[in-house]
Amino acid sequence: MSAYEISGTIKVIFDTMTFNSGFQKREFVITTDDDKYPQDIKLQVTAERCGMLDSLKAGQRVKAAFRLRGNEYKGKYYTDLQAFKVDPDGSGGGQSSAPPQGDYGSYGGGSGGGEFDDPF
């Protein structure tokens, strides 16, 4: 599957969510500024990549590389933007991680910390 990139300003970084299975994800929102109407785009990182958001903060410009991920759970369909690289200042040379080797899945739940039932 193809990788995509988005540049903008971090609006919010949510706490890491840990599910009953041990699966972890962390969501963040980037506000784009390259369109006539700025968009707030929510992305996520999973597993060991959750820590790569620790050095970033709201208001910081970044460039994120991501893949589209989708799944079906109990008759509902979910689409996630799963980031695998986030570069501060959109420069391409900051905090990053290798592209994911497998599909970590996705979850259509809300944001915030705590434990959740594993949807898989």
Side-chain angles (χ1 to χ4, degrees):
M1 180 170 283
S2 298
Y4 302 90
E5 287 188 347
I6 187 171
S7 294
T9 304
I10 294 177
K11 183 172 186 173
V12 63
I13 300 173
F14 296 101
D15 293 333
T16 299
M17 292 182 270
T18 302
F19 298 86
N20 292 336
S21 67
F23 173 80
Q24 292 184 316
K25 80 171 187 174
R26 191 170 184 186
E27 298 174 329
F28 63 107
V29 177
I30 293 178
T31 301
T32 64
D33 52 13
D34 56 349
D35 293 325
K36 182 177 179 181
Y37 301 102
Q39 301 291 310
D40 290 337
I41 308 297
K42 183 177 75 169
L43 297 99
Q44 70 176 21
V45 292
T46 57
E48 69 277 351
R49 290 180 183 85
C50 292
M52 77 180 176
L53 299 178
D54 290 343
S55 64
L56 303 174
K57 60 184 180 222
Q60 187 172 5
R61 289 203 42 82
V62 295
K63 180 189 289 184
F66 65 93
R67 289 197 168 84
L68 295 172
R69 294 287 185 219
N71 71 318
E72 180 268 337
Y73 176 65
K74 293 186 178 182
K76 292 186 180 184
Y77 294 88
Y78 301 95
T79 304
D80 293 309
L81 306 180
Q82 195 167 80
F84 59 87
K85 183 165 109 174
V86 181
D87 293 320
D89 303 317
S91 64
Q95 189 81 297
S96 66
S97 179
Q101 297 300 311
D103 186 338
Y104 295 107
S106 59
Y107 174 72
S111 301
E115 291 204 5
F116 298 85
D117 290 331
D118 191 347
F120 306 106

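Taking every heavy atom of both residues into account, Lys57 and Ile10 meet most closely at O-CB, 3.7 Å. Of all heavy-atom pairs spanning Ile30 and Gly8, the tightest one is CG2-CA, 3.6 Å. Taking each heavy atom of Val45 and Cys50 in turn, the nearest pair found is CG2-CA, 3.6 Å. The shortest non-hydrogen separation linking Thr9 to Arg61 is OG1-NH1, 3.8 Å. Contact between Ile13 and Leu53 at its shortest, heavy atoms only, is CD1-O, 4.0 Å. A pairwise comparison of heavy atoms in Phe19 and Lys25 identifies CE1-CG, 4.0 Å as the closest pair.
Distance check: Glu27 CD to Asp15 CG gives 11.0 Å after rounding to the nearest 0.5 Å. The CG atom of Asp87 sits 9.0 Å away from the CE atom of Met52 when rounded to the nearest 0.5 Å. Distance CD/Gln24 to OG1/Thr46: 10.0 Å, rounded to 0.5 Å. Between the CD atom of Gln44 and the CZ atom of Arg26 there is a distance of 13.0 Å, given to the nearest 0.5 Å.
Listed by chain and residue number, Lys63, Ala65 satisfy the side chain to side chain contact (heavy atoms under 4.5 Å, CB included) test with Glu5 (two or more places apart in sequence, or in another chain). Scored by the side chain to side chain contact (heavy atoms under 4.5 Å, CB included) test, Thr32 finds Ile6, Asp34, Asp35, Gln39, Ile41 as partners (sequence neighbours excluded). Listed by chain and residue number, Lys11, Thr31 satisfy the side chain to side chain donor-acceptor pair (under 3.5 Å) test with Asp40 (two or more places apart in sequence, or in another chain). Residues passing the ring-ring contact (aromatic ring centres under 6.0 Å, His included) test with Phe66, sequence neighbours excluded: Tyr4.
Proximity of Phe28 to Val86: side-chain heavy atoms (C-beta onward) are separated by under 4.5 Å at one or more points.
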